[in-house]
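Read the structure below first, then the notes.
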Amino acid sequence: MKNIKLLFLAIVAIASFSSCGDDDEFYNSKYISIPDLIKVEHQPAYAVGNVLWVNTNFSKFLAEPGQTTPLDIFKTTNGASFSFSYGLEKKNADNSWTIVDLENKMIENQGNIFDGSYNTAESIFNPATETYQFRAGIPLEQTGSYRIFFGFTDASRLELASNNDSEKSTYLNIKTTVNNSTDGFYYFTVE
């Protein structure tokens, strides 16, 4: 009988320790997929001196696949803002790409931009329109072939991540896409 009790306690201990490493449960993370929440304000042609704008402008109510009621992301995240990363690369003569450092060059219009080699865009909630808004411009200073990349690693995993102030809030990651992009990049030429 003593061995059965020890075996039972061992099984309970193993089961409880096996769930300790799941950060998503610890941080209360949730994931949804909503396409085209990030936009590049496309122009048919770009010239030196133009500004290329990247933006978000999406409702706090997002339709979830398989659900009849839209998700209130403002309420779900306790009023958190949402961020994503992106950067600019220039094509070299050997067809490789070099990151263009945009530190102190970005033009902030709505939301917040934390610029450098990788930019972090922060979409801020506007209570008047009940939308999350971000808009920042990249000044085009030189001719050449360029592309904007999105995310830190794999563009197919682009996410808008909530910036929660409290560990008790739900962390929401919205898998999304970018309009006018090819394989997760926005290609363009400056003449």
Side-chain angles (χ1 to χ4, degrees), residues 23-24 27 29 31-60 62 73 77 80-126 129 131-164 171-191:
D23 286 342
D24 281 350
Y27 289 111
S29 295
Y31 298 86
I32 61 172
S33 292
I34 310 289
D36 290 332
L37 293 181
I38 300 170
K39 309 277 188 218
V40 175
E41 297 177 20
H42 176 73
Q43 293 179 205
Y46 295 96
V48 171
N50 288 160
V51 175
L52 187 148
W53 295 94
V54 175
N55 76 60
T56 62
N57 189 347
F58 56 93
S59 172
K60 76 174 193 169
L62 294 178
I73 62 173
T77 62
S81 62
F82 284 83
S83 293
F84 67 96
S85 62
Y86 68 101
L88 180 66
E89 293 178 316
K90 185 175 184 181
K91 193 172 192 177
N92 300 313
D94 65 357
N95 291 327
S96 64
W97 295 91
T98 302
I99 293 176
V100 177
D101 188 353
L102 296 171
E103 189 165 359
N104 299 318
K105 295 180 181 178
M106 297 290 294
I107 301 167
E108 191 174 277
N109 182 261
Q110 294 176 324
N112 296 314
I113 185 75
F114 305 98
D115 58 359
S117 297
Y118 293 86
N119 302 300
T120 301
E122 183 181 25
S123 297
I124 305 292
F125 183 69
N126 180 340
T129 60
T131 58
Y132 285 86
Q133 299 173 339
F134 165 79
R135 186 172 188 251
I138 301 171
L140 304 177
E141 299 176 335
Q142 296 179 359
T143 61
S145 295
Y146 293 88
R147 69 182 183 185
I148 299 176
F149 61 89
F150 296 89
F152 285 120
T153 54
D154 183 4
S156 68
R157 296 189 54 204
L158 176 59
E159 293 179 343
L160 282 157
S162 64
N163 303 309
N164 300 56
Y171 289 85
L172 183 62
N173 294 293
I174 306 170
K175 184 176 179 184
T176 192
T177 55
V178 180
N179 71 320
N180 296 311
S181 64
T182 304
D183 298 327
F185 295 97
Y186 176 76
Y187 294 91
F188 64 101
T189 301
V190 178
E191 302 196 6

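Side chains included, hydrogens not; waters and symmetry mates left out as well; all remaining heavy atoms used.
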What are the two closest heavy atoms between Ser181 and Val178, and how far apart are they? OG-O, 2.7 Å
Residues passing the side-chain contact (heavy atoms from CB on, under 4.5 Å) test with Thr77, sequence neighbours excluded, are Ala80, Phe82, Tyr132, Ser162, Asn164, Leu172
With side chain to side chain contact (heavy atoms under 4.5 Å, CB included) as the criterion, how do Phe188 and Val190 come out once you've worked through the C-alpha distance, each side chain's angles and the decisive distance to 0.1 Å? CA-CA 7 Å; Phe188 64 101; Val190 178; 3.7 Å; yes
When you measure from the side chain of Asn55 to the backbone N and O of Gln133, does any donor-acceptor pair fall under 3.5 Å? no
Name the orientation class of the two ring planes belonging to Tyr46 and His42 (parallel below 30°, tilted from 30 to 60°, perpendicular beyond 60°). perpendicular
Euclidean distance, Lys60 NZ relative to Thr129 OG1, rounded to 0.5 Å: 10.5 Å
Partners passing salt bridge (Lys or Arg N to Asp or Glu O under 4.0 Å) against Glu141 (at least two apart in sequence or in another chain): Lys105
Rounded to the nearest 0.5 Å, how far apart are CD of Gln110 and OG1 of Thr131? 8.0 Å
Taking all atoms of both residues into account, what is the closest heavy-atom pair of Ile113 and Ala136, and its distance? CB-CB, 4.3 Å
Between Ser145 (side chain) and Thr189 (backbone), is there a donor-acceptor pair under 3.5 Å? no
Minimal heavy-atom distance between Asn50 and Ala45, with the atoms involved, is OD1-O, 4.1 Å
Are Met106 and Ile138 close enough, and set up right, to give a side chain to side chain contact (heavy atoms under 4.5 Å, CB included), and what steps lead you there? CA-CA 5 Å; Met106 297 290 294; Ile138 301 171; 3.7 Å; yes
Mind listing the closest non-hydrogen atom pair of Ile34 and Thr176 along with its distance? O-OG1, 2.8 Å
Rounded to the nearest 0.5 Å, what separates atom OG in Ser81 from atom CG in Leu160? 10.5 Å
Salt bridge (Lys or Arg N to Asp or Glu O under 4.0 Å) partners for Lys91, two or more places apart: none
Atom CD of Glu108 and atom CG of Asp115: how far apart are they, to the nearest 0.5 Å? 8.5 Å
Work out which heavy atom in Tyr186 is nearest to a heavy atom in Gln43; give both atom names and the distance. OH-N, 4.1 Å
Go through the structure and list residues passing salt bridge (Lys or Arg N to Asp or Glu O under 4.0 Å) with Lys39, not counting sequence neighbours. none
By salt bridge (Lys or Arg N to Asp or Glu O under 4.0 Å), Glu122 pairs with (sequence neighbours left out) none
Under the rule for ring-ring contact (aromatic ring centres under 6.0 Å, His included), what residues qualify as partners of Phe84, not counting sequence neighbours? Tyr86, Phe134
Side-chain touch Leu52/Ile148, heavy atoms, less than 4.5 angstrom: yes
Asn119, Ile38, Leu88 screened by side chain to side chain contact (heavy atoms under 4.5 Å, CB included) with Val54, the one that passes: Ile38
Using only atom types and a distance under 3.5 Å, with no angle test, would you say the side chain of Asn92 pairs donor to acceptor with the backbone of Asp94? no
Phe150 vs Thr177, side chain to side chain contact (heavy atoms under 4.5 Å, CB included): CA-CA, chis, key distance, verdict: CA-CA 9 Å; Phe150 296 89; Thr177 55; over 6 Å; no
Just verifying a value: how many Å separate Thr98 OG1 and Asp101 CG, rounded to the nearest 0.5 Å? 12.5 Å
The reported gap from CZ in Phe125 to CD1 in Ile73 (rounded to nearest 0.5 angstrom) is 8.5 Å
Assert yes or no for the condition that the ring centre distance of Phe185 to Phe149 is strictly below 6.0 Å. no
Nearest non-hydrogen partners of Ser85 and Leu158, listed with the distance: O-CD1, 4.5 Å
